[in-house]
S.K.: 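Dumping the structure here so I can ask a few things about it.
All figures in this text were calculated on a predicted structure; none of them were measured in a lab.
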Amino acid sequence: MHEPIFLDDGTLLLLRPIAPGDVDALMRAFKRMTPEQVRARVFHALSELPEPVARSMCRIDPDHAVALVATDPNGAEIRGEARVHFDLITESAELAIAIDPDYTGRGLGRILIERLIAASRAHAMREIWGDTQAGNNAMLALTTRLGFSHRRQSDDATLVRFQLDLQPVATHLDIVKR
């Protein structure tokens, strides 16, 4: 499944689930990230994504996770990668996202997060959440626009947890039924 998506500036990308064959493209995408982006994604300095980690990231158990990639139209390069891991006990989904530096601020993060919110709802999760560095203003602004709440982590003041309640919103039909 390759779904065409258009960024805010009209750029065409293809959106699809990550696949086992994406290992090399994922490693190249990681190398294009700035040191600040790497720290925002993995919370420490890392110069490259080790192949065994990339291989693991490209193999998803669909009962426990959804991982999406946005690629160039030819599919060769990953421009954004985002995933949620489902905790079936707490009914919560943990979100992680990384965007190619040349594609930040163009609406790709919003598209990916909106899709993961929908996937989390489809898997009957009650909330979606993630952690980011307190200085990651772009992520904090994006999650605010998408309706997430924010709170500093009590055990680490450098981290902010963003969280969105996924409980169904009462519709007009629900009110009429009462």
S.K.: With a 4.5 Å heavy-atom cut-off, do Ile18 and Arg83 have their side chains touching?
M.R.: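 Result yes, sub-4.5 Å side-chain heavy-atom pair found.
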S.K.: So, using salt bridge (Lys or Arg N to Asp or Glu O under 4.0 Å) as the criterion, who are the partners of Asp72 when residues are at least two apart?
M.R.: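 For Asp72 the salt bridge (Lys or Arg N to Asp or Glu O under 4.0 Å) partners, ignoring immediate neighbours, are Arg79.
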S.K.: Surrounding CZ of Arg126 (heavy atoms of other residues, nucleotides or ligands, distance under 6.0 Å), is the total greater than 12?
M.R.: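 No, because the 6.0 Å sphere around CZ of Arg126 holds 12 heavy atoms or fewer from other groups.
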S.K.: Taking atom CD1 of Ile128 and atom CG of Leu164, what is their separation to the nearest 0.5 Å?
M.R.: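 These two atoms lie 7.0 Å from each other.
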S.K.: Supply the atom-to-atom distance Leu68 CG to Ile60 CD1, rounded to the nearest 0.5 angstrom.
M.R.: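 Nearest 0.5 Å value for the CG-CD1 distance: 9.5 Å.
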S.K.: Please collect all ring-ring contact (aromatic ring centres under 6.0 Å, His included) contacts where either partner lies in residues 64-88, sequence neighbours excluded, each pair once.
M.R.: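 Sorted pair list: Phe86-His123.
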S.K.: Mind checking what makes salt bridge (Lys or Arg N to Asp or Glu O under 4.0 Å) contact with Glu77, not counting sequence neighbours?
M.R.: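 Testing Glu77 for salt bridge (Lys or Arg N to Asp or Glu O under 4.0 Å), a comparison that skips the adjacent residues, returns Arg28, Arg32.
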S.K.: State, with a plain yes or no, whether a side-chain heavy atom of Phe162 is found less than 4.5 Å away from one of Asp131.
M.R.: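 Not touching, per the 4.5 Å side-chain cut-off.
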S.K.: Check the pair Gln133 / Thr158 against side-chain contact (heavy atoms from CB on, under 4.5 Å), numbers first and verdict last.
M.R.: CA-CA 6 Å; Gln133 293 181 324; Thr158 66; 5.8 Å; no
S.K.: By the definition side chain to side chain contact (heavy atoms under 4.5 Å, CB included), identify the one residue from Asp100, Leu112, Val69 that meets it with Glu81.
M.R.: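 Output: one option passes, namely Val69.
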S.K.: Answer yes or no: is there a donor N or O on one side and an acceptor on the other, between the side chain of Ser149 and the main chain of Gln163, under 3.5 Å?
M.R.: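 Present.
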S.K.: Keeping to residues at least two apart or across chains, list the salt bridge (Lys or Arg N to Asp or Glu O under 4.0 Å) pairs with something in residues 102-119.
M.R.: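 Residue pairs passing salt bridge (Lys or Arg N to Asp or Glu O under 4.0 Å), neighbours aside: Glu3-Arg115, Asp8-Arg110, Asp9-Arg106, Arg110-Glu114.
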S.K.: In the hydrophobic clustering that connects Ile, Leu, Val, Met, Phe, Trp and Tyr at side-chain heavy-atom distances below 4.5 Å, which members other than Leu140 occupy its cluster, ordered by chain and number?
M.R.: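 The other cluster members (ILVMFWY side chains, heavy atoms under 4.5 Å, direct or chained) are Val160.
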S.K.: Which residues pass the side chain to side chain contact (heavy atoms under 4.5 Å, CB included) test with Ala54, not counting sequence neighbours?
M.R.: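 Result, side chain to side chain contact (heavy atoms under 4.5 Å, CB included) vs Ala54: Val23, Leu26, Met27, Leu49.
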S.K.: With side chains defined as the heavy atoms from C-beta onward, is the minimum distance between Ile117 and Phe148 less than 4.5 Å?
M.R.: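 Ile117 vs Phe148: side chains touch.
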S.K.: Would you please name every residue forming a side-chain hydrogen bond (donor to acceptor under 3.5 Å, both in side chains) with Asp165, sequence neighbours left out?
M.R.: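 Counting only residues at least two positions away or on another chain, Asp165 forms no side-chain hydrogen bond (donor to acceptor under 3.5 Å, both in side chains).
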S.K.: Nearest 0.5 Å please: distance from the OG1 atom of Thr143 over to the CG atom of Asn136.
M.R.: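 Rounded to the nearest 0.5 Å, the OG1-CG separation comes out at 8.5 Å.
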S.K.: Could you list the residues that satisfy side chain to side chain contact (heavy atoms under 4.5 Å, CB included) with Asp63, not counting sequence neighbours?
M.R.: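 Side chain to side chain contact (heavy atoms under 4.5 Å, CB included) check on Asp63 returns Asp61.
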S.K.: Any chance you could lay out the side-chain contact (heavy atoms from CB on, under 4.5 Å) test for Leu95 and Ile113, step after step, and finish with the verdict?
M.R.: CA-CA 8 Å; Leu95 167 70; Ile113 292 174; 4.1 Å; yes
S.K.: Got a sec, which residues hit ring-ring contact (aromatic ring centres under 6.0 Å, His included) with Tyr103, two or more places apart in sequence or on another chain?
M.R.: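 Applying ring-ring contact (aromatic ring centres under 6.0 Å, His included) to Tyr103 gives none.
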S.K.: Report the distance from atom CG of Asp87 to atom OG of Ser92, rounding to the nearest 0.5 Å.
M.R.: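 Rounded to the nearest 0.5 Å, the CG-OG separation comes to 4.5 Å.
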S.K.: Checking Glu94 now: which residues fulfil side chain to side chain contact (heavy atoms under 4.5 Å, CB included) with it, not counting sequence neighbours?
M.R.: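 Expected list: Trp129.
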S.K.: With sequence neighbours left out, write down each residue that passes salt bridge (Lys or Arg N to Asp or Glu O under 4.0 Å) with Arg152, or none if nothing qualifies.
M.R.: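 Arg152: no salt bridge (Lys or Arg N to Asp or Glu O under 4.0 Å) contacts found.
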S.K.: Do Val66 and Leu116 have side chains that get closer than 4.5 Å, going by heavy atoms?
M.R.: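 In contact.
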S.K.: Applying side chain to side chain contact (heavy atoms under 4.5 Å, CB included), name anything that partners Leu12, two or more places apart in sequence or on another chain.
M.R.: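 Side chain to side chain contact (heavy atoms under 4.5 Å, CB included) check on Leu12 returns Pro4, Phe6, Pro73.
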